[in-house]
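Letters A, B, ... are given to chains in the order of the sequence lines, protein chains preceding strands, and every chain is numbered from 1.
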Number of protein chains: 2
Amino acid sequence: MTKRATLADVAAAAGVSRALVSIVMRGAPGASKVTRERVLAAAASLDYRPDTRARLLRSARSHLLGVVFDVDGPFHSELVEALYPAAAARGFDVTLSARGPRRDESEAARSLLDLGAEALLVLAPDSTPEALSALPVPVVSVLQPQSDPRLSSAATDDAAGIALAVEHLRGLGHRRIAHVDGGRAVGSEARRSAFARLAADDGAEPLVFPGGPSETDGMGAARTLLALQALSSPAELPTGVVVFNDDAALGFLHVLGTAGLDIPADLSVVGYDDSRLAALAHVSLTSVRQDPDALAAAAVDAAAAALDGRRAHTLVPPSLTVRSSTGRPTAGSRETRGRHPSGS
Amino acid sequence: MTKRATLADVAAAAGVSRALVSIVMRGAPGASKVTRERVLAAAASLDYRPDTRARLLRSARSHLLGVVFDVDGPFHSELVEALYPAAAARGFDVTLSARGPRRDESEAARSLLDLGAEALLVLAPDSTPEALSALPVPVVSVLQPQSDPRLSSAATDDAAGIALAVEHLRGLGHRRIAHVDGGRAVGSEARRSAFARLAADDGAEPLVFPGGPSETDGMGAARTLLALQALSSPAELPTGVVVFNDDAALGFLHVLGTAGLDIPADLSVVGYDDSRLAALAHVSLTSVRQDPDALAAAAVDAAAAALDGRRAHTLVPPSLTVRSSTGRPTAGSRETRGRHPSGS
DNA sequence: GCAATCTTCTAGATCGTTCTAGTCCGCTGT
DNA sequence: ACAGCGGACTAGAACGATCTAGAAGATTGC
C-alpha cells in the first residue's frame, strides 16, 4: 500500500516545477509541446492522479456537480447513470447524495456543499423554489420545470408526453379517453392541464379521475371507474386511459384485472416514465418514455450556464414505448361478457 | 451569496486561536468547558460548517466512506439509505458512486479514492477479490460474503434465508419443494448448496431448476416446470418453489399464471430480496427479507475494523415476509381442472 | 544595439483545515 | 523554594493542489 504520487513527485521526475505540472495536467496554456509530453509521460509512469480534495480546496471553480436523487425515484437511476458521461464530456465531476424517507433534501444538499460542489442538480425537488434559491450555489431543478427566475431547470415536456399518449390512443380508434391524475404529486398539475387542453381542442369534456403517484392511488381510481361503470351506459365510458405514472398504472391495472376486465380489449392503459416495472413481461405497459441522455446533457448545460450567471430552462421531448396494454377498442366487448365477470 | 464562515472567523469571534476552535469542533480533549461553550456559541451564530475538503486534505483519517452501488440493484437503495445513519453514528461521512452498464466498478471506485475516501464499501462487487484487494484502501464486500483474508465482508446469511423459506413451506404442509437457482449470479451458489443440504437432511433428492437473476430466467424455469408437468405424475411434482430472487420469481409467476395455474392453490412461490416488486398488490410475493439496518451497521463496523488492521466477516440473519403467493397445498387441485386450462 | 514583447517556466503565497511542538500558568510534593 | 507535571491554549508548518507575480531566454521592432 504505497502512497499515491503527488504533483511534487511528478515535477521531480520530469525535472520541472510543480506549477508547470499543474499547468500541463489542467491542459492550461503556458507550456511548450516537448515539456508537456515529458510531464505527461512522467505522470503516466508514476500513475499520478490529481487529488480532488486539494484541487477543490484551492481553485475557485471546483468543477464538481452535486446530484441529489431519490434512492428509488422512478427514472432517477437511469438519469444518474446518464449524468456521469454528460458531466465528463463538459469537464465536470459528479458526486451523489441520496434523499429518502430518513434523509431529507436539505441534508443531502448540505453534505454536497461541504464536499465543495459548485452547483447542485436536484432531481424532482420537493423543497420550495425559495429554499432552493437560498442555497449558496446555483441549483438546477431536474425533471421538474421551474418558472422561478433564480433557478434553472431541465425537464421533460409533459404537455408533449401527454399529447403522445392521447394521440396514440386516438390513432388506435379510441374516442373517449380519460386521465387518472397524480393528485398533489410533482408534475401532476402540468400533466392534468395538458390533458384538459387536448380534450378541449377535441371539443370534449375532459374526463379526469383523481389519483396520485402510488400504486394504491391507481387502485383507488380503478375502483371509482368500476363504480361508474355499474351506473352509466357503456357509450359514455372511456375506452382508453392515460395514468399519471407507471406505479399508479400498475395498481389501476391490478384492480381492473381482478375485476375481470380484459386489457387492452376492454380498456387501453398508458403509463408514464417507462420504468423497469412497465417493461416486465407480467405488466407490459405502454408508457411515455423520458430521454435520459438528453435530460442529463440539458441539466449539465444548465449548471454550466448558471455558473456563468445565465439561467436556462430546457424542455426535452419525450417518446412513447408501445407495449401490450394498448390496442384497438373492441366495441361492446364488455356487454357480451357481463358487467362484473367473476374471473378466478 | 456571502462567503461561508471559516475556522479563522469563528476564532476571531470567540477570541481564541484557530487550533482551539478545531479542537472544539472535533470534540477532541484539550479545551476547558467554558471556552468550549463560548466557541460553540460563536460557531452557531456564524452558521459555521467545517469544510470537508480541507479537513480531508489535512487529516490522515478522512472519516469518509466511499460506497459503490448499482443504480438499480435489488435492495441497494434500501441499503444505501440505511448506510447514512449507520455511518453517522460511528463518526463517518458517506459519499456515493454509481456503477451501471456504462460505468464499471473500477471507475466508480477510482472517483471515490480521488475524493479521499479512506475505505470502500462495494455493494455486490463484480470484480475479483484480487482486484478489490489491490486497491490502496480497505474494501468491504457488502451483500456478498468473502473468504479472502485481505477483504472484509458484511452479508446476509443466505443459508438461513433459504432455510426460512423452506421451513415456511414445510410448515404449511408442503412436502415436495423445488428451487429455481440463480445461474452464475452473485450468491447463487450459496443459496443452491444451502437448499441441497436442507433437502438432504430431509432424505430427499434436491429438485433444482436452472434459472438466473432476471425475469426472463424465471420465465424459462417456469416453462421447464410446465413441460415436466405434462410428463410426470402429479405426486412427483413440487407444490412449493423457492426462487433465487424476486425478479426471477416474477417471471416465474407470470408464465405459470398465464398457463392457468392458481397461485398459491396449485403452487406456492417464495422470492428473495423483498424488493419493491414483491410488495406490489399485483404481485404480493412472499419473500426473504434482508435487514438493511443490520447490514449497514455491520458494513460500517467492518470498515472501521479494517482501518485498524482487522478483517471482519459478518453474516446477518434474514427474516421472512409472508404475502399471498404461499399457502397450504390443495391436494389434487390441478387434476380436477385439467392440466392446461385455458384461462383468459 | 537596445528596448519591448512573447513564450516558457518558477518561487512563493494561498485555500481551510489538522497536527506538532511548544509556551504559559497554577498546582503538588519533597 | 524549585523541579516536575498536567491542563489550557497558541504559533506555525503541513496537506496537495492552484494562482499570482515575476524571471529568464528567445524573438521582434525601430
>> Output one letter per nucleotide in nucleotides 4-14 of chain C: B when a protein non-hydrogen atom lies under 4.0 Å from the base, S when only the sugar-phosphate is that close, - when neither is.
In response: ----SBBBBBB
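Direction of the helix axis in the helix from C/dG1-D/dC30 to C/dT30-D/dA1 shifts by 50° between the two five-pair termini, rounded to 10°.
For A/R4 and B/D114, the salt-bridge test passes: some basic side-chain N is under 4.0 Å from an acidic carboxylate O. By the 4.0 Å N-to-carboxylate-O rule, B/R61 lies close enough to B/E118 to be salt-bridged with it.
Applying the side chain to side chain contact (heavy atoms under 4.5 Å, CB included) test between A/L120 and each of A/L132, A/V142, A/L113, A/L65 identifies A/L113 as the sole match.
Atom CZ in B/R4 sits roughly 13 Å away from atom C1' in C/dC15 (whole-Å rounding). What separates CG of A/L57 from C1' of D/dG16 is a distance of 9 Å, to the nearest Å. In this structure, the CZ atom of A/R55 is 18 Å from the P atom of C/dG16, given to the nearest Å. Rounded to an integer number of Å, the gap from B/L56 CG to C/dC19 C1' is 16 Å. C/dC15 atom P lies 19 Å from atom CG of A/D114, rounded to whole Å.
With sequence neighbours left out, the side-chain hydrogen bond (donor to acceptor under 3.5 Å, both in side chains) criterion links A/D93 to no other residue.
Looking at heavy-atom distances under 4.0 Å, A/P50 makes contact with sugar-phosphate atoms alone, never a base.
For D/dC19, one of the phosphate oxygens OP1 or OP2 lies less than 4.0 angstrom from a side-chain nitrogen or oxygen of A/R26.
Counting only heavy atoms from C-beta outward, the side chains of A/D274 and A/F75 never approach each other to under 4.5 Å. Within the 4.5 Å cutoff, no side-chain heavy atoms of A/L123 are placed close to those of A/D70. The closest side-chain heavy-atom distance from A/S77 to B/H76 is not below 4.5 Å.
Taking only side-chain atoms of B/T6, from C-beta outward, the nucleotide of C/dT18, C/dT17, D/dT18 with the closest atom is C/dT17.
Using cut-offs of 30° and 60° on the angle between ring planes, the pair B/H63 and B/F92 is tilted.
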> Can you list the steps and then say if B/T156 with B/D291 is a side chain to side chain contact (heavy atoms under 4.5 Å, CB included)?
Replying inline: CA-CA 8 Å; B/T156 297; B/D291 183 340; over 6 Å; no
